[in-house]
Colleague: 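This structure is in structure tokens; I'll ask about it shortly.
Here is the naming used below: chain letters follow the sequence lines, and residue numbers restart at 1 for every chain. These values consider heavy atoms only, across backbone and side chains, with no hydrogens, waters or symmetry-generated copies. Only a predicted model underlies this, so the values are computations on that prediction, with no experimental measurement involved.
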Number of protein chains: 2
Amino acid sequence: MINQENTPSVWKLPEPTLRRLPWYLAFVKLLKGKGEIYVSSTQIAKEINVDSSQVAKDLSFVNVSGKTRVGYEIETLIAVLEDFLGFTIQHKTFLFGVGSLGAALLQDSGLKQYGLEIVAGFDIRRELEGTTVNGIPVFHISEFPARQKTLDATIGIITVPVDQAQDVADHLVAEGVRALWNFTPCRIRVPENVVVQNTSIYAHLAVMFNRLGFINP
Amino acid sequence: MINQENTPSVWKLPEPTLRRLPWYLAFVKLLKGKGEIYVSSTQIAKEINVDSSQVAKDLSFVNVSGKTRVGYEIETLIAVLEDFLGFTIQHKTFLFGVGSLGAALLQDSGLKQYGLEIVAGFDIRRELEGTTVNGIPVFHISEFPARQKTLDATIGIITVPVDQAQDVADHLVAEGVRALWNFTPCRIRVPENVVVQNTSIYAHLAVMFNRLGFINP
């Protein structure tokens with residue numbers, strides 16, 4: 001699911017590191033808001049509940065260096081992390097399936113702050129055609145190829161019912177969408193040069209309920 | 001973060017299994033909609049892109065048995081899985097931080113189908129007091145202890161800004177909330193008998209952008 005030919009060095013970054021870096025960023029931005037100038041990896045480690053050596057190792061992937069005793073300059077660290085994580089570029093995105101979860105994601109303006117710009121939603125339901133959610137237009141799915149020609153979205157969010165996920169994924173890939181953010185429980189299959197990120201928020205509920213001890217195995 | 005005293009056998013269930021079971025459930029429900037009567041672990045494995053022996057192993061944790069050659073009875077498998085995963089019980093939930101992501105989650109009626117019933121939202125902003133989102137009332141945070149006394153929520157969703165996450169978590173735990181679904185990048189600390197599930201959807205963006213090759217390390 002990862003294109004290993006074009007940019008091999010990129011893939012050396014472990015996924016856990018990539019998931020932790022946004023946590024560090026959030027914490028460091030918070031310190032900036034409090035007027036702090038420097039932050040140490042020990043400070044980050046303590047706040048995020050990660051081992052301090054892990055923080056230093058994670059940050060070693062990023063082009064930033066700390067000063068002995070004072071640590072990293074906060075302003076620089078934020079700029080470098082935001083750039084490194086791709087949050088400073090707006091990635092044009094289409095969302096497929098304007099149901100409950102899909103509409104909720106259209107509502108979440110926070111995504112834009114992280115570089116994800118949803119420019120249109122698509123649905124098979126004719127009654128949604130021409131409506132907007134949070135200012136984002138909703139089109140009938142049949143309009144997707146034409147809209148893709150003019151808007152050239154890089155990313156497709158999939159929030160359709162599970163039985164339509166593979167069809168929609170195939171459709172998106174055929175039209176040149178290069179990354180799929182899949183919120184359905186379907187494990188979609190894509191060519192090697194297409195990126196897939198699966199986010200099953202309902203699966204997290206199962207873990208939480210189980211840990212709560214509601215289940216008697 | 002897990003209470004190991006009360007129900008030790010529950011924790012034997014590996015988290016990856018718990019995250020896969022909802023995928024199987026979604027697929028099997030889809031088959032039911034198509035009028036199918038039986039499903040084999042091979043069929044599930046093929047659809048979900050998981051190893052067939054893994055599916056059989058995952059399902060061995062659930063109290064359900066397949067028949068040789070025909071597989072699992074779909075109707076039974078759905079009922080057993082939904083029950084096992086805790087989706088058939090409504091878990092009363094409060095949401096803290098009715099910002100962009102918080103309001104989006106209030107909009108997502110899909111959560112209720114999975115057993116999560118958000119009964120109220122709380123925010124520090126006075127102007128949100130008395131409003132509703134998707135029919136769910138929003139209260140000022142100061143009303144939380146009183147509302148908790150009458151509503152007795154088991155779960156708290158945390159969608160506040162990162163610098164308020166720990167304070168809110170402490171507040172919830174003090175009022176008897178037993179599980180926290182944390183959407184902030186803060187790694188909140190809680191007593192051992194409180195369950196925490198972290199869902200950093202923005203961290204998934206970092207992984208996707210990186211894999212897309214936007215980053216030049």
Colleague: Tell me which of these, Leu116(B), Leu105(B), Val50(B), has more heavy-atom pairs under 4.5 Å with chain A than the rest.
Modeller: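 Most pairs with chain A among the choices: Leu116(B).
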Colleague: Considering all heavy atoms of both residues, which atom of Ser100(B) and which atom of Gln107(A) are nearest to each other, and what is their separation?
Modeller: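 Closest approach of Ser100(B) to Gln107(A), heavy atoms only: OG-O, 3.5 Å.
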Colleague: Count the heavy atoms of every other residue, nucleotide or ligand shown that sit under 6.0 Å from CD of Glu75(B), and state whether that count exceeds 12.
Modeller: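 Not more than 12 within 6.0 Å, no.
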Colleague: Non-hydrogen atoms of chain B under 4.5 Å away: do they reach the side chain of Ser200(A), the backbone, both or neither?
Modeller: side chain
Colleague: Are Tyr114(A) and Ile201(B) close enough that some pair of their side-chain heavy atoms sits under 4.5 Å apart?
Modeller: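 Not in contact.
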Colleague: With respect to chain A, which residue among Phe87(B), Tyr24(B), Phe27(B) yields the maximal number of heavy-atom pairs within a distance under 4.5 Å?
Modeller: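 Going by pairs under 4.5 Å, I would pick Phe87(B).
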Colleague: Could you check whether atom CG of Asp170(B) has more than 12 heavy atoms from other residues, nucleotides or ligands sitting under 6.0 Å from it?
Modeller: yes
Colleague: Tell me, side chain or backbone of Leu111(B) under 4.5 Å from chain A's heavy atoms, or both, or neither?
Modeller: both
Colleague: Give a yes or no on whether Gln90(B) atom CD has more than 12 heavy-atom contacts from other residues, nucleotides or ligands under 6.0 Å away.
Modeller: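 Counting other residues, nucleotides and ligands, CD of Gln90(B) exceeds 12 neighbours.
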Colleague: Within the structure provided, determine whether Arg211(B) and Glu15(A) are in side-chain contact (heavy-atom separation under 4.5 Å).
Modeller: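 The answer is yes, as the side chains (C-beta and beyond) meet within the 4.5 Å cut-off.
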Colleague: Can you give me the closest heavy-atom contact between Ala203(B) and Arg19(A), atom names plus distance?
Modeller: CB-O, 3.7 Å
Colleague: Any chance you could measure Leu18(B), atom CG, to Met208(A), atom CE, to the nearest 0.5 Å?
Modeller: 12.0 Å
Colleague: Which atoms form the tightest heavy-atom contact between Arg178(B) and Leu212(A), and what is the distance?
Modeller: NH2-O, 3.3 Å
Colleague: Looking at side-chain heavy atoms only, is the closest gap between Trp23(A) and Val162(B) below 4.5 Å?
Modeller: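 Of all side-chain heavy-atom pairs linking Val162(B) with Trp23(A), none is under 4.5 Å.
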Colleague: Just checking Leu151(B): does its CG atom have more than 12 heavy atoms from other residues, nucleotides or ligands closer to it than 6.0 angstrom?
Modeller: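 Yes, enclosed.
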Colleague: Does CG in Asn134(B) sit with more than 12 non-hydrogen atoms of other residues, nucleotides or ligands closer than 6.0 Å?
Modeller: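 Atom CG in Asn134(B) is crowded, with more than 12 foreign heavy atoms closer than 6.0 Å.
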Colleague: Relative to chain A, which segment of Leu30(B) carries a heavy atom at a distance below 4.5 Å: side chain, backbone, both, or neither?
Modeller: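 The answer is the side chain of Leu30(B).
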Colleague: Can you tell me which portion of Asp163(B) sits under 4.5 Å from chain A's heavy atoms? Options are side chain, backbone, both or neither.
Modeller: both
Colleague: Identify the heavy atoms of Phe209(B) and Leu85(A) that sit nearest to each other, and give their distance.
Modeller: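 Between these two residues, the closest heavy atoms are CD1-O, 3.5 Å.
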Colleague: Taking all heavy atoms of Pro22(A) and all of Ala206(B), pick out the closest pair and write down the distance.
Modeller: CG-CB, 3.7 Å
Colleague: Ignoring hydrogens, what is the shortest heavy-atom contact between Asn210(B) and Leu13(A)? Give both atom names and the distance.
Modeller: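 For Asn210(B) versus Leu13(A), the nearest heavy atoms are ND2-CD1, 3.3 Å.
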Colleague: For Ala26(B), is it the side chain, the backbone, both, or neither that has a heavy atom closer than 4.5 Å to a heavy atom of chain A?
Modeller: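 Answer is both: backbone and side chain atoms of Ala26(B) are under 4.5 Å from chain A.
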Colleague: Counting C-beta onward and ignoring hydrogens, is there a side-chain heavy-atom pair between Glu47(B) and Gln166(A) closer than 4.5 Å?
Modeller: no
Colleague: Start with the C-alpha distance between Tyr202(A) and Asp108(B), add both sets of side-chain angles, then the distance that settles side-chain contact (heavy atoms from CB on, under 4.5 Å), and finish with yes or no.
Modeller: CA-CA 11 Å; Tyr202(A) 304 135; Asp108(B) 182 12; 2.8 Å; yes
